[in-house]
Structure formats: structure tokens, C-alpha cells
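In what follows, every chain begins at residue 1, and chains take the letters A, B, ... in the order their sequences are listed.
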Amino acid sequence: MLNTITAPTTPLFDTPPMFAHPARVTAIKDEAYATATYEIEFEDDDLKQHYAFRAGQFNMVYLPNIGEVPISLSSDPAKTGVMGHTIRYAGNVTRAISRLRVGDTVGIRGPYGTAWPLERIHGNDVCIVTGGIGLAPLRPVIYHIINNRSDYGRVYLLYGARTPIDMLYTEQFEDWEAHGIEIHQTVDRADESWKGHVGVVPMMFYHLRLNPKKTTVLTCGPEIMIHFVIFEALARRIPKEQIYVSMERNMKCGIGLCGHCQFGPTFVCKEGPVFAYAAIEPFFGVEDF
Amino acid sequence: MPDLTPDIGAFVSIEKNELQCIFDALKKDGYTLAGPTVSNNASTPGEGAIVYDEIETVEDLPIGWTDVQGPGSYQLQRRNDNAYFGYVVGPQSWKKFLFPPQATLMTVRRENGSFVVESQAEDAPRYALIGVRGCELHALLIQDHVFLNGPYIDTHYKARREQTFVLAVNCTEPGGTCFCTSMGTGPKVGPGFDLALTELDDIFIVEIGSEVGRMVMRSVKWRPSGAFELQTKRTALAEATKSMGRTLETSDLPNLLYQNLDHPFWREVGERCLSCANCTMVCPTCFCSDILEVSELGGAASERVRVWDSCFSMNYSHVHGGNIRPRTKSRYRQWLTHKFASWIDQFGESGCVGCGRCITWCPVGIDVTESIDAIREEV
Ligand SMILES: Cc1cc2nc3c(=O)[nH]c(=O)nc-3n(C[C@H](O)[C@H](O)[C@H](O)COP(=O)(O)OP(=O)(O)OC[C@H]3O[C@@H](n4cnc5c(N)ncnc54)[C@H](O)[C@@H]3O)c2cc1C
Ligand code: SF4
Ligand code: SF4
Ligand code: FES
């Protein structure tokens, strides 16, 4: 039961593994309803220089006196020195994050987990399918593709959100389209301003004509969404080896020690969060597993 | 002057009262002794248990006691002899010393708008674990694989484990819920001990397992074990192998469980199980933990405190907007599947050593061996 993606993680710090490292918030940008992107830089210059992540990986973000949560990196992996985190305010820790101001300090440790297989899919068409906050861990993929546009064929982004105000990064869409990313948006519930599609993301597959042999699907979002994305992709004869999913589980340590993130035989923090679908197929969709 | 230290791998015999000399030598080397002792409520009939605690002398051992165990039941009883190790395992395991139920990992102090992280650089205690059974030694090695095989290493565990001395004991009288024979972890202790005792009527046979163990024997009056003594030991162990309270058919367990994730048994057991988490707390291999943020008054400092957690607890699988395993049946399935199937994928070995604790300490007497049988039956 090996994930075909191997964890690129090797420990960056020589401190005990759960130590959070002080880092400054250098910019905050509102993105969508109750969601903002935080640019964060390590206080320690050495760390700042040596820290590097790959698209799909996450950090543990820590607030003293509050707690620690796993958050994906949403910035350009080629831009070193700064880490971007797009965070939706959900509960205790993330609401405390919403009260942060530029100049405040948080704790960061990472990067952890597996990455999207961007090198392996050179020459392929890429179909990114996601909903709501799920675009955050996929934005580094889009940056990477734009930076290396000739390495990839056609690139589609199928993106859904509950309502138009839940959509992330909309002001970047024009630029992405200019770089040949074909964007198909949909919302569950429209408002007066919305002129686009209404409906669930997996349905957007019906707008595409994909070449199953050379298309890779990258998907992240609620499990029920992923379930239908896989269904639609397989229905188009895209082999399950070419479908990659990012999974979410409760995480306390992020480094394979606390047990919380287990999904069948895997630790999502270590063997995931990005999995080749073929590797988790027997367990995906098993009720309450 | 002949060499006074037996070789590694040698079997030597000591009088029973020499055990105190081993204790003294260990104490002199700076070890804190941790071993079995009778809990202080044992004088009340039906109460009490053999627990693991810090001990000073052999007098602290449960000499002359035994335990009678079955599903959901445990009883201390007087033996009609003065055996030092005439009982099996109680509700606690050695993990409480190496992976304590609560441990402060670091202190975070706010300073000048930032913070500093201070390691809780405890002087890790140096434990000599007294009376570690075969299944328990195996459980220690299993936790080693969880915490020390990386890429990230539990430094807290490592500091304690590295300097642990293991005085093991071969089991000659398995208990009512034991099934180490099935799991291949006992009753004879496997590699990894410093010294291993076998208790005969009036002597201990001591097997030397390591250089440290060998050195300890310098302070002890020993003689090479005689052929008859060694034969008695072998016979006792062979008998013990055959007298387990329980058995478990282990063949092809991962596939059996993975292919039966929707077996009706899960619903049935889900109706009996109380989700009390006892089974995971008493299990010597269970390693799940939570990390709590404990603020000091005023918020100038806080501690990151690791506490034992359980896949049966409410918050364990919480993700915002839901719980991955909201129902007891899915938690029990997670637990059993982890022990007997996914553990093997994760660490290359079973997560169960057959110690029987989860059977004895389940308030409603749910028995893992019966659970597996129930799933196997209808296949
Ligand atoms: C690999 C990974 C990447 C993630 N990336 C992002 C991201 O880029 N942006 C973003 O907004 N959110 C992301 N999340 C979800 C984010 O971690 C949760 O929203 C957050 O933990 C909620 O914590 P809370 O204290 O605010 O909420 P509460 O509901 O109060 O949660 C209490 C605790 O439960 C745990 N928990 C709750 N929800 C989750 C969850 N969904 N996943 C894991 N643990 C959870 C946390 O330990 C949390 O502290 C990611 C989760 C994972 C596993
Ligand atoms: S699962 Fe039960 S029998 Fe197996 S090691 Fe854990 S407590 Fe012992
Ligand atoms: S199986 Fe027994 S001990 Fe384990 S959680 Fe259920 S009731 Fe508690
Ligand atoms: S988050 Fe702790 S083991 Fe994965």
C-alpha cells in the first residue's frame, strides 16, 4: 500500500521536531468571505534562507496561548523567503488568526507531507478540480505551471464555491487565463452579480473535451466532492494512476507521531496529504473510515 | 582471580535473595527502579491490582500474589507460595515511564513582541524496568519503531529510552486473557533485554543479554546454571507456551479486516462498546497523543503538553464541520483494524502483542480474539 508519491520531507530544523519557530506576518490580504492570505517570514535569517517547500505541502501554524493547526502553503514555491497561507476562519485557532495584524508573530514548523507530482506529469494536460478553500493548496501548482508553462499541455481549472463571495483569488484569474489556464467556475447558489454556472464542480467536466491518455487530474476539497470528481474522471477513461487527491484529517503533530491523521494504512501527514488515487482506492469512500 | 562477570548469552543461577543485589547494583549505577507492586487498596476484597511504580527493594514486589483474569474481570489472590513473579500483567504498562501520560514538550515565553521556545530539557529519568514480560518487551520495541524510526524522532521518548535498563522475566504461568503464543511475542522473552530471569522453585536463572547486564552481575553471587536447572526452565516455558488463556488465528489478518470493513459485526460490537477508551489506555503499544496548549496566568508563557489520546475519544477525528468517525462502531473498527492490519502496513509488524489487557480491562468484556473470530467465521 505504498503511495506512488514519496514524501519529500526531510527535517529542516535540528531542534526537537515539534518546536515552532517565530515568524512575522508581513502582509495580510482579504481573499473571500472570512478568508485571508497571510504572508509570513521567519525571524531567523538562516531559516528564512533555507526554507523551501513544494506545491501541496503544509506547515503547522502555531499561536502562543491558542494552539496549532495544519495549513497548506498557497504561495509561489519559487519565491523563497516568504510563505503564503490562505486561511479560512473556522474555529478556535483560525479565528484567533483572524485577529492577527501585520508585524505580529506566529510559530511555524514545516514543510510537511507529500507534494503534487509536478515533475512527473511534464508534457501532460492538467485538470485541476477544486472547491472553496481547496484552491489554496493548488495555487502553488498554478504558479509553478505558469513559471514553466512549456512543460505542460492544456491546463484547466474547474473551480466551485458555495456562493460568489466564497471564491478565492478571483482577481488573479485574468492573469492566469492570459497564461493559458482555462478556467471554468461554478457556484452552488448564485447572487444577482453572478453570470456564470450554477451547480456542483464535478459537473464542469461536461464542458471539457479531455484526452484521457495524457490528462492528469489534481483535486482537493470535501471528500464528497472528490468522490464525484473521481467518478467523472474515471467515466472519461482517465486512468486512476493519473488522478491525485489531497486528503484532510485531524492533525496534531504533522510528523507521524500522534496518530490522529490516520486514513487506513496511511498517515495523511506523512504519506499524504497528496495521494495517487490508485494507492488509496480501496479505502476511499468507505463510510466513516 | 577468575573473571567475575558471566558472558553475554550465558545462563547463570542465583539464590532468590540475590535479586536484591541486582537491585542495589542498579541503584548504585544511578537507575530508578520501576517494577510491579500491589496497589494500596489491595486489602479491600475485590479491589486492588498489580501496578507499575517506582520501587526500592524486593519487598515492594508482589511476592506471594497472583492475579486471576478474564474478560472484564481481574482479581488479586494470595498464592500458596512465595513466588516473586507469580502473576502476569496488570492495567498499566511500561509506556507510562517512557511515554508518560502527560509530558511538557516545551515552554513558550512571550518576549519583545515575539516568543522564545524553551525545551523542557528535563534530566530524563534513568529507569531500570523490573519484571518486563516477553509481550511487554516486544511492545517496547514496537514503540521504538513508532517513535525512533523517523524521519522525525520523538526526542522526549528517545532520551528516556536510550538509558533504560530492562530486567525481563520469562512467564511460566500465563494468565486467563494472555495470547502471546499466538502473537509470537512470548512467553519466553525475545532479544532486547539486559538481564532475563526465569523463576524456579528456589532459584532464578539469569540470562545475560547485554554488556550493561553483564556488568551488573559483577555485584551478584552467581554460578553457572546446571543442566537440570536449564531443563526445568525449558520444560516450564514449553508448558507455558501451551497454556495460554486465549488463542488467535493470525493468518492473513490484514486482508481479512480490510475486506470486511462493512461486516455486520462492527454494528453489533458498536452496540456493546462504551467508547470508554480503556482498551487503548491499557494497551502497551497504543501511541496516540494530543497536544494541549496550557497557558500560565497572564498569558506571558504557555506550555505545549502532550497527553495520551485515544481513537475512541470524541475529538480524535474532529475536522471542522464534522467528525470522521462519529459512531462507536467506526471507532472500534479503526482500533481493531489499526492493531491487526494497518499497523503491519505502517511498521512491518502487528500492533498487538497478545498481552490481554484490553480484554481484562474492558468493562463489558469485549474480547479482541473473539472479535477476530467473529469476522473470520462468516467468510
Ligand atoms: C493538510 C491540511 C492542510 C490544510 N490547509 C488549509 C488551508 O490552506 N487553509 C485553511 O483555511 N484550512 C486548511 N486546513 C484546515 C485547517 O487545518 C482547519 O480549518 C483548522 O485546523 C481548524 O482549526 P480551528 O482551531 O480553527 O477549528 P476548530 O473547529 O476549533 O478545531 C479544533 C481543532 O481540531 C483540529 N481540526 C479542525 N478542523 C480540522 C481540519 N479541517 N483539518 C485538520 N485538523 C482540524 C485542529 O487541531 C483544531 O485546532 C488544512 C488541513 C489539513 C489537514
Ligand atoms: S490490543 Fe489488547 S492484547 Fe493486543 S497488545 Fe493491546 S492491550 Fe494487549
Ligand atoms: S472495546 Fe471495551 S475497553 Fe475498548 S473502548 Fe470499547 S468498551 Fe472501552
Ligand atoms: S498528524 Fe500526527 S501522525 Fe499525522
So Q262(A) and Q346(B), side chain to side chain contact (heavy atoms under 4.5 Å, CB included) or not? Walk me through it.
-> CA-CA 10 Å; Q262(A) 286 176 83; Q346(B) 294 166 352; 3.1 Å; yes
Nearest non-hydrogen partners of [X] and [Y], listed with the distance:
X: R327(B); Y: D288(A); result: NH2-OD2, 2.7 Å
X: G264(A); Y: S342(B); result: O-CB, 3.6 Å
X: R24(A); Y: N112(B); result: NH2-O, 4.4 Å
X: C288(B); Y: G259(A); result: SG-CA, 3.7 Å
X: E293(B); Y: L63(A); result: OE2-O, 4.2 Å
X: R333(B); Y: V286(A); result: NH1-CG1, 3.8 Å

Would you indicate whether [X], at its atom [atom1], is surrounded by more than 12 heavy atoms from other residues, nucleotides or ligands within a distance under 6.0 Å?
X: F228(A); atom1: CZ; value: no
X: H227(A); atom1: NE2; value: no
X: F347(B); atom1: CZ; value: yes
X: F289(A); atom1: CZ; value: yes
X: K96(B); atom1: NZ; value: yes

Let me know if [X] has heavy atoms under 4.5 Å from chain A in its side chain, its backbone, both or neither.
X: F99(B); value: neither
X: I153(B); value: backbone
X: V117(B); value: both
X: A301(B); value: backbone
X: R331(B); value: neither
X: N315(B); value: backbone

Before giving the answer on side chain to side chain contact (heavy atoms under 4.5 Å, CB included), spell out for L257(A) and F287(B) the whole-Å C-alpha distance, their side-chain angles and the decisive distance to 0.1 Å.
-> CA-CA 8 Å; L257(A) 298 177; F287(B) 61 87; over 6 Å; no
Taking Y152(B) for its side chain and G254(A) for its backbone only, find out whether a donor-acceptor pair lies under 3.5 Å.
->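 No, because the side chain of Y152(B) does not come within donor-acceptor range (under 3.5 Å) of the backbone of G254(A).
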Are any of the side-chain heavy atoms of P265(A) and Y258(B) separated by less than 4.5 Å?
-> yes
Decide whether S317(B) and N250(A) meet the rule of one side-chain donor and one side-chain acceptor closer than 3.5 Å.
->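 Side chains of S317(B) and N250(A): no pair found under 3.5 Å.
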Inter-residue atom distance [X].[atom1] - [Y].[atom2], 0.5 Å rounding:
X: L105(B); Y: M18(A); atom1: CG; atom2: CE; answer: 6.0 Å
X: T105(A); Y: R110(B); atom1: OG1; atom2: CZ; answer: 8.5 Å
X: F263(A); Y: I324(B); atom1: CZ; atom2: CD1; answer: 9.0 Å
X: I291(B); Y: C253(A); atom1: CD1; atom2: SG; answer: 6.5 Å

Find the one option among S114(B), G113(B), S330(B) whose heavy-atom pairs under 4.5 Å with chain A are most numerous.
-> S114(B)
If you tally heavy-atom pairs under 4.5 Å between each of P326(B), S289(B), C311(B) and chain A, the highest tally belongs to S289(B)
Do E287(A) and R325(B) meet the salt-bridge criterion of a basic N to acidic O distance under 4.0 Å?
->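 Answer for the salt bridge query: no.
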Aromatic plane relationship, Y62(A) with F115(B) - under 30° parallel, 30 to 60° tilted, over 60° perpendicular = perpendicular
